[in-house]
Amino acid sequence: MPRPTPFHPRTSELCTSLLYKEWAGCYAVRRYDVYHEREYYALRHQATVMDATPLYKYEVQGPDAAALLSRVMVRGFMKAKPGRVAYVCWCDQHGKVLDDGTVTRLGEEHFRVTSADPALAWLQRNARGLTVQVNDISRTLGALALQGPRSCEILRQIIGPSVADLAFFGAIAVNYQLDGKSVEGVVTRTGYTGDLGYELWIEAEHALFLWDALMEAGRIHGLLPMGLDALDVARVEAGFLLGGVDYTSARTAFIERQKSTPFELGFDWMVKLKRPDFVGKAALCSEKERGPARRFVGLEIHWDDFADIHEAFGLPPHLTPETCREGVPLYAGQRQVGYATSRTFSPLLKKYLALATLQSGHAEPGTELQIEVTCEYERKVARATVRELPFYNPERKKAKPPLAPAREGPV
Amino acid sequence: MARSFDAVIVGGGHNGLACAAYLARAGKKVLALERRHVLGGAAVSEELFPGFTYSVCSYVVSLLRPWIIRDLELSRFGLEMIPLEASFLPLPDGGSLLRGADPDETRLEISRFSRRDAETMPEFGRAMSKMGLFAKPIIDSQAPDPKSFRPGDLMQLLRLGRHFTNAPPDELELRLKLMTMSAVDFLDEWFESDVLKAPMAVSGIIGTFLGVRSPGTAYVLLHHYMGEIDGAFRSWGFARGGTGSVSNAIAASARHFGAEIRTQASVEKILIRGGEARGVVLESGEEIRAKAVVSGCDPRRTFFGFVGRENLPDEFCAGLDSYRFRGSSGKVNLALDRLPSFTCRPGNGTHLRGDIAIAPGIDYLEHAYDQAKYGDYSERPYLNIVIPSVVDPTLAPPGKHVMSCFVQYAPYDIKEGPERWPERREAFGDAVVDTLAEYIPDIREIILHRQVLSPWDIEKEYGLTEGNIFHGELSLEQLAFLRPVAGWSRYKTPVKNLWLASSGAHPGGGIMAAPGALCARAMLGGRRS
C-alpha cells in the first residue's frame, strides 16, 4: 500500500476528486478537481504548488563526494560550484542510461542527488575506495515544487526578496519564516514545467508549516495545488522526457533495444568525455564517434489531418485532456522509422504535440512523417513534423523575475 | 516620391492585422495603418486607471480560429489563452445557477430548477455539437457564391449542399429550426425552466437589435457550441493581458514576417483612379501608393467614408444602405478594490472564473428590449460580466480586480438622436451599477474607477458604425454570401483592388480573425497555405 507524504494531511483535504497515483511508493495526487485544466492554467498564468516528496533523494557527503559523483555521472563535479544544480543522467558500464535527476552542490563536501528510481545501491557500489557517505533521505526530506510566473512573488514573502537574485539552476540555503519561527531548508530554482519556478526542500517535520505559509502567501496570487496530470501536459510542452515512459532504464530493460544512450535521448550537452574515467565512458566515446542510431525529438501532429480523420466518421476531433503515454508507430512512407511515446494537446500552443524516438536519418527538425491515429477502432495516419524542443520556452523561465515594489501592509 | 507597397491595410484591428500577417507571410510588402495610438481596434487592452488594464471593448476571445493561431505562430508572439470555466447566473431572490465543466455538478445545479431539463441538457449539447460540426467548415472557408457558375464555386456549393442534405431527417429538421426560429421558441422545444433558458437565449441577441423572442435569433446559439468543438481546444476564453494581446500577438507575427505597421496614421480616403484602388491619403496629407488596398474597417465606413458613393455602383450602395448596424449595446468597465461578493454565492469560487449573466428570466430580457424599442436604454439591462483578473494577475494589482460589463440594450439611436448620448452616458452607467447592486450589495463601495461606453462612444472612439460590435448585425440575412452585400461576400469589392477584410465580411464578428485571414487567402489566389 502506498504511504502518505508529510504533506498528505493538507493535499488529501483538498483533493476532492480522490484521484491518486502511486509514485515511488507514495500517494500522489493526479488532480485535485474533476479536471486538471484549472491547475494547468494556474501553472502557466499564476502559480501552483506540487508535492514532489516522492522523488528519491540522497545526501552525498565527505572529502570524495565530488569524486564519486564524477565517477557515476556523465559529467564531472570536481569544478562544480557550491550553490549550483545540474540536471544529469547516469549510465551503466555499457553507456546505457540508468536514470536522470539533479545534483545540487550545497558545500565543498556536500551534495544532494534526486532520482526517479532508487539509486542508493548504485552510488554505494561505485563508492568503493572513496571516503564518502551516501545516505537515503527520501523519506525525511519533504519537497514542494512552486512553479509559475508568480512563484517568485509568493516565495519572497517566506524567505525574503533575495529569492529574486537566485539564478536559473541556482541553489541557496534559506531560513523559512514559518508560523513565527525560522526553519532551515534549501531552495533551488529548478522544476519540471519549463516555467519560472522553484523547488523547496525542508525537513519532513516542518512540512505542514511550509505548506500553510505558502498557501497563505499565495492566496492573492491565485496559487493552486497541482497534481501529476497537469504536470504531465506541462512537461511535454517543456520537452522533458520521463523515465519509464519516453525511455526505459537499462536497469529494467529486458532486451538490448529497449535501452538508450544519452546521445539517443538528446543528452549530448551534458555528456563530458574529456575527463578521467567514469562509468560508461569507453562505450560513450565510441557511441559519439559512431553517432547515435536514434534520436529523441519533438513532433507536431498536423491538426487538420487529425480533424479530417475524425470528420470522415462525422466526429469532432477528440483527445483526452491528459497526456497519452501509449506508444504509437511513426512512418516515413511505408516504413516504420520510430515511435511516439508521450502525446498531448497543448492548451497554450493549440498544437497536438508528441515526444518521439526516431531513426537518426529522419530526426532533422522539419522532417515530415506520418503518425498512426486510431479513430473508431480503425487505423489511419496523420502527418507529423519533427520540431525542436522545447515546444514552449518562455523568457521568464531563465530571466530574473521582476518583483513588484514592496507593499505597505497586507492588501 | 510616394512610397509603394503591395498592399496597404486601413485599420489596425485584429482582422486587418491578420490579413497583413498572412500577406507578409506570403512575401508581400505590406503596410498597416491604425488611426489610434494603440493597435487592436475593438480588441484592445488599455490601462485607463493606473495599475488596471481593461479589455475596453470586446472582452472574451470567441472562436479565434485555431489554424490561425498555428499559421501565425501566435503563441510564440505572446498569445496565451485561458478558458472560461463556467457560466454563472445569479438570481435576485438569492438563488443561482452555475453551469461548469463538470457535467455531474451541472446536472445537479440544473435539477434544482428542473430535473427533466437536467437530463435533457447532455442530449441538447450533443445535438448542438453535431450542428456545430456542420457549420464549422462554413466559417473556415470563403462563403459559397450561389450565383457563380465557375467550376470551383459549383463544387463548393455542391459539397455544402450535400453536407446539408445528407444528414438524417431529425438533424435536418433541427438545422431548419435553428435557422428560422427565435432563440426562446427553439429552447422551449427542449427545456421548461426559465432560469436555464434565459442565459442560453441571450447568446442569440448579443450585438443585434432583436429580442430573445425575435425570429432568427436561434442560429447564434450555435456559435457557443462551435467553441466546444474547437475543443479540448476551448476557443472561448480570456487572452492573458486582455483582448489586446490577441491584436498585439498578430501584429508581432505580422512584423516578424516583414509587415510594417504604423499607429496614429489616420486614413482620410482611399485613392481611386479609373475605378481602381491605388493607395490611400492620410489626414496628414501623406499619400501612400499600393497595388491593393484592404479595409479592416466596417463596410459603411469603408465604402461611404473612405471610397464615396460616387465611386460605387448604385445597386451596391442600395445593398449597403439596407445593411443593418443598429448598435444595441454598451460597455461598463470597473476597477475594483477587492473581489466582488454575490449575495447568492458569497466569496471566491468557480462562479467568478467564467462569465456571469444578469438575465434572471425571459420576461426580464423582453422588458429590457421593450424600453430599447422606443429609444431608451434598459433600466434593468442584460449584463454579461467577466472578472478576468481572477485568472489573469497581469490585469490588476494583487487582490484587486477589473470587471467588464457588456450591457444590452443601449440603442445607438436613442430618443432625440445619438448625439444625446454624452449627456445620458453616466445615468446609463448608474443604471448598470444599480443593477449590479441588486446582486452585489457593496459594489458601489469597491469601485475605484468606472468607464462607461455608449454605442455612440464606441462609434466615435473605435470607429464602429452605430456602435455595432460585429460591424453589422449577425443575423442570418446578413451572413455568409449575403455579408455585407449579396454577390460581394468574398472580400472583393466593386472597386478593383479594394478588399474588405473586416468583421463586416464573412464569417462575421467576434475575435475570430477569420475574415482577415480568409481575405488574405482570397487575395493570394484562394490557396490554403
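Residue numbers start from 1 in every chain, and the chains themselves are labelled A, B, ... in the order their sequence lines are given, proteins ahead of strands.
- Remark: B/D140 CG to A/D304 CG distance equals 8.5 Å, nearest 0.5 Å.
- Residue A/P394 does not touch chain B at all, counting heavy-atom pairs closer than 4.5 Å.
- Residue contact with chain B, scored on non-hydrogen atoms closer than 4.5 Å, involves the side chain of A/R150 exclusively.
- With hydrogens and angles left out, the side-chain atoms of B/E80 and A/Y41 include no donor and acceptor closer than 3.5 Å.
- Proximity to chain A is limited to the side chain of B/R353, based on heavy atoms less than 4.5 angstrom apart.
- The shortest distance between side-chain heavy atoms of B/P398 and A/H221 falls below 4.5 Å.
- Residue A/Y40: no heavy atom, backbone or side chain, is found under 4.5 Å from chain B.
- The nearest pair of heavy atoms linking B/I69 to A/L349 is CG2-O, 4.2 Å.
- Taking CZ from B/R240 and CZ from A/R44, the interatomic distance works out to 11.0 Å, rounded to the nearest 0.5 Å.
- More than 12 heavy atoms of other residues, nucleotides or ligands sit less than 6.0 Å from atom CD of B/E47.
- Between the side chain of B/R70 and the backbone N or O of A/K351, no donor-acceptor pair lies under 3.5 Å.
- The structure places CZ of A/R219 at 10.0 Å from CG of B/N348, a figure rounded to the nearest 0.5 Å.
- Across every non-hydrogen atom of B/S75 and A/L348, the tightest pair is OG-O, 3.2 Å.
- Under a cut-off of 6.0 angstrom, the local environment of CD in B/E105 is sparse, with at most 12 non-hydrogen atoms contributed by other residues, nucleotides or ligands.
- With chain A as the partner, the residue from B/I82, B/D337, B/T350 showing the most heavy-atom pairs under 4.5 Å is B/I82.
- Separating the NZ atom in A/K350 from the CG atom in B/L64 is a distance of 8.5 Å, to the nearest 0.5 Å.
- With rounding to the nearest 0.5 Å, the separation of CG in B/D392 from NE2 in A/H45 is 7.5 Å.
- Counting heavy atoms of neighbouring residues, nucleotides and ligands inside a 6.0 Å radius, atom CD of A/E388 does not exceed 12 of them.
- Chain B forms the most heavy-atom pairs under 4.5 Å with one residue out of A/Q46, A/E300, A/R38, and that residue is A/R38.
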